[in-house]
Amino acid sequence: MIRSQLKKALDDCFDQGVAEGLWTAAAAEKFTVELPKHEGQGDFSTNFALVLAGIEKKNPRELAQAIAKKLTNHTELIDDVEIAGPGFVNVFINPEVWHRLIPEIINKGAAFGKSDIGCGRKVMVEFVSANPTGPLSIGHGRQAILGDSIARLLEATGHDVYREYYYNDAGRQMRVLGESTRARYLELLGEEFTFPEDGYQGEYIVDISRSLIDEKGDSLKDHADVTPFKEQAERHIFKDISSTLERMGIIFDNFYNEHSLYEKGLIDDVVAELRAKGYVYEQDDAVWFKTTAFGQEQDRVIIKSSGEPTYRLPDMAYHREKFRRNFDWLVNILGSDHIATVPDVLAGVKALGYDPDKVTVVLHQFVTLTRDGKQVKMSTRKANFVTVDELLDEVGVDPVRFFFMMRKADSQMEFDLELATKKSQDNPVYYVQYGHARLCAILRQAAEKGFAEPKFDLAESVLLKEPEELRLLKAMSTFPSSIEGSALELAPHKFIFYLMELAGQLHSYYNKHKVITDDIPLSRARLCMIKALQVVLKNGLEMVGLTAPTSM
RNA sequence: GCGCCAGUAGCUCAGCUGGAUAGAGCAACGGACUUCUAAUCCGUAGGUCGCAGGUUCGAAUCCUGCCUGGCGUACCA
């Protein structure tokens, strides 16, 4: 927010320069205000002169002189301006500007950091969407946390967020699941059985079969239809998945069953509509969708010669329903193995008359699991995977959330089981949480020593002049824009890095300066800042679904 | 073959809509608890930013080519 004040001041100076004929308006909106990387380069820096020099063919240092002179007039905001390097203009902010942040943060409390830039836009975040064939694996865990934290960041920035889980309980996979369950059922009863060749081998199937025996005895042993086995498995697995999600603090607004699209005739509708628009044709007994009309290399089958639709068709119908349900923005979180579906669905959306630009796909790469330094191959079928539940048991909810959030979605990540389990103390989540706990300890201590509730006093706050203090205040000032940036880019890891940076500055400060001392006015001023910082850390942690412990 | 993602310190990763001297954590080494919580801090060491060209005042970042890994490239989902 201070940055945008500065940008405004800079724009004013730019306009003045245009009016005075120092330069033309050609460079408007091309220059930026940045945070310098190194100490001593000001609180902010602008490339104004460098950008202008390129366009106006003038000497950058001279342009920098001119703009610097104008900027120094803004004394309420700016303390000092200097020119450096090839023509950077470094701006030193009036410390009072930082000090005034403190009451603002304290007064806003839990609302500090929230914004309404989303303008109440209705956004659906679709994620997890795992079919109920087994417990959630680590890969699903990544997606669950990624989707949920994106949803939370969007909520914090004024979006009207709806979390949806899309699943398919029909199809081949589920049939195999039912057959696997039946095989185990017969095995448990001591009957003859044949396990499906590509069946699900996890131990959970045995548990499900056992529950079926508890409920129905051996009455199903001659049952030809696989349905009761499939339904029992689905019920159990969904119960499992739901409780895993709940443990992680993830609550969906809706579970959308693919099958309902068939029941409502929406699949046929889509085919009819595409056919009417001339995007569909028959060949080799199959029905094809002309994806080449939307820039793709080849057309795609939407109904197989067997009469069964391919995954593309219900996906298109589902997305049409999303649009019909009046969402303004559709965010889909997908694993990279689903990348091929994206262009097809977007082509379908376009063909059906909706705007594909309203769909944003966040692809995340795989999680590779290592144990004893060796990679573990994961497969639901083979059941040699680690489930999210197991992970939660070992390391706890906060570290699991944090760990998945701190990696950007589109790079493969390595999940070192040894590190996550044995050395959970080293998990950076504690670094941030410990910071919050420390702040709470200071505030408790202050109360015990008779300090009143921190109350801001501008006259006292000028005592906050240590570089570490100004740096902390500066970091706090970027909290709202960090959330906004992270939310709009759908990149939770950026916000996590902000939190770690902020916590790091706090820990340094803590070790160097004592808050509560015999100097009462200074202590009061510092306590105000500590209170503000505690608000920021608490808001930050809770905004992405982490707890903010008051002691550790 | 084609498409997408990635290749940055010993390891795990940030930085990538061009900016000044490329960062953090872990591991290594050396320090700091009579002190508001040492789950912390301070310091040292560690780099041809995969390779080669190009674009320009300026490239880890943009463009081209190549190399390596992952995922796709189904009438599987």
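Below, read A as the first sequence line, B as the second, and so on, with proteins coming before strands; counting in each chain starts at 1. Everything numeric here is computed off the predicted structure, so don't read it as measured data.
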Residue pairs involving residues 430-443 of chain A (criterion side-chain hydrogen bond (donor to acceptor under 3.5 Å, both in side chains); sequence neighbours excluded):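 Found A:Asp398-A:Gln433, A:Gln433-A:Thr547, A:His436-A:Gln534, A:Arg438-A:His507.
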
Looking at every strand, decide which applies to A:Asn90 at a 4.0 Å heavy-atom threshold: base, sugar-phosphate, or nothing.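 Here A:Asn90 touches the bases of the nucleic acid.
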
So what does A:Met500 hit on the nucleic acid, given a heavy-atom distance under 4.0 Å: a base, only sugar-phosphate, or nothing?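 Answer is nothing: A:Met500 stays at 4.0 Å or more from every strand.
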
Rounded to whole Å, how long is the line connecting atom NE2 of A:His493 with atom P of B:rA24?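 The distance from NE2 of A:His493 to P of B:rA24 comes to 17 Å, rounded to the nearest Å.
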
Over how many whole Å does the gap from A:Tyr498 atom OH to B:rG23 atom P extend?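 It is 21 Å, rounded to the nearest whole Å.
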
OP1 or OP2 of [N] sitting under 4.0 Å from any side-chain N/O of [X]?
X: A:Thr310; N: B:rC76; answer: no
X: A:His338; N: B:rC4; answer: no
X: A:Lys512; N: B:rA32; answer: no

State which of [options] makes the closest approach to the side chain of [X].
X: A:Phe366; options: B:rC71, B:rC75, B:rA77; result: B:rC71
X: A:Ser411; options: B:rG69, B:rA14, B:rC42; result: B:rA14
X: A:Ile339; options: B:rA20, B:rA77, B:rG3; result: B:rG3
X: A:Gln445; options: B:rG19, B:rU73, B:rC36; result: B:rC36
X: A:Arg407; options: B:rA77, B:rU12, B:rA38; result: B:rU12
X: A:Arg438; options: B:rA38, B:rG19, B:rA77; result: B:rA38
X: A:Arg300; options: B:rU40, B:rC36, B:rA74; result: B:rA74
X: A:Tyr510; options: B:rA77, B:rG15, B:rC36; result: B:rC36
X: A:His507; options: B:rC75, B:rC41, B:rC4; result: B:rC41
X: A:Met552; options: B:rG19, B:rA39, B:rC41; result: B:rA39

Can you give me the closest heavy-atom contact between A:Leu136 and A:Ala130, atom names plus distance?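 Distance-wise, the nearest heavy atoms are CD2-CB, 4.1 Å.
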
Which residue lies more 5' along RNA chain B, comparing A:Leu50 with A:Gln283 via nearest heavy atoms: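 Residue closer to the 5' terminus by nearest nucleotide: A:Leu50.
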
Pi stacking test for A:Phe497 and B:rA24: under 5.5 Å apart, planes under 30°: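 Stack criterion not met.
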
What distance, rounded to whole Å, do you find between the two C1' atoms, one in B:rA59 and one in B:rU37?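 Pairwise C1' distance, B:rA59 against B:rU37, rounds to 46 Å.
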
Classify the ring geometry between [X] and [Y] as parallel (under 30°), tilted (30 to 60°) or perpendicular (over 60°).
X: A:Tyr256; Y: A:Tyr166; value: tilted
X: A:Phe14; Y: A:Trp23; value: parallel
X: A:Phe415; Y: A:Phe403; value: tilted

Of all residues at least two apart in sequence or in a different chain, which pass the salt bridge (charged side-chain N to carboxylate O under 4.0 Å, His left out) check with A:Asp315?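 Partners of A:Asp315 by the salt bridge (charged side-chain N to carboxylate O under 4.0 Å, His left out) criterion come out as none, since no residue qualifies.
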
Can you give me the dot-bracket string for RNA chain B, 5' to 3', counting Watson-Crick and G-U wobble pairs with both distances under 3.5 Å, using [ ] for crossing pairs and | for partners on another strand? (((((((..((((.....[...)))).(((((.......))))).....(((((..]....))))))))))))....

Any chance the side chains of A:Tyr318 and A:Glu164 put a donor and an acceptor closer than 3.5 Å?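 Note: A:Tyr318 and A:Glu164 side chains meet the donor-acceptor criterion.
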
So, A:Glu469 and A:Lys512, do they make that salt bridge, N to O below 4.0 Å?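 Here A:Glu469 does not pair with A:Lys512 in a salt bridge, since their nearest N and O are not under 4.0 Å apart.
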
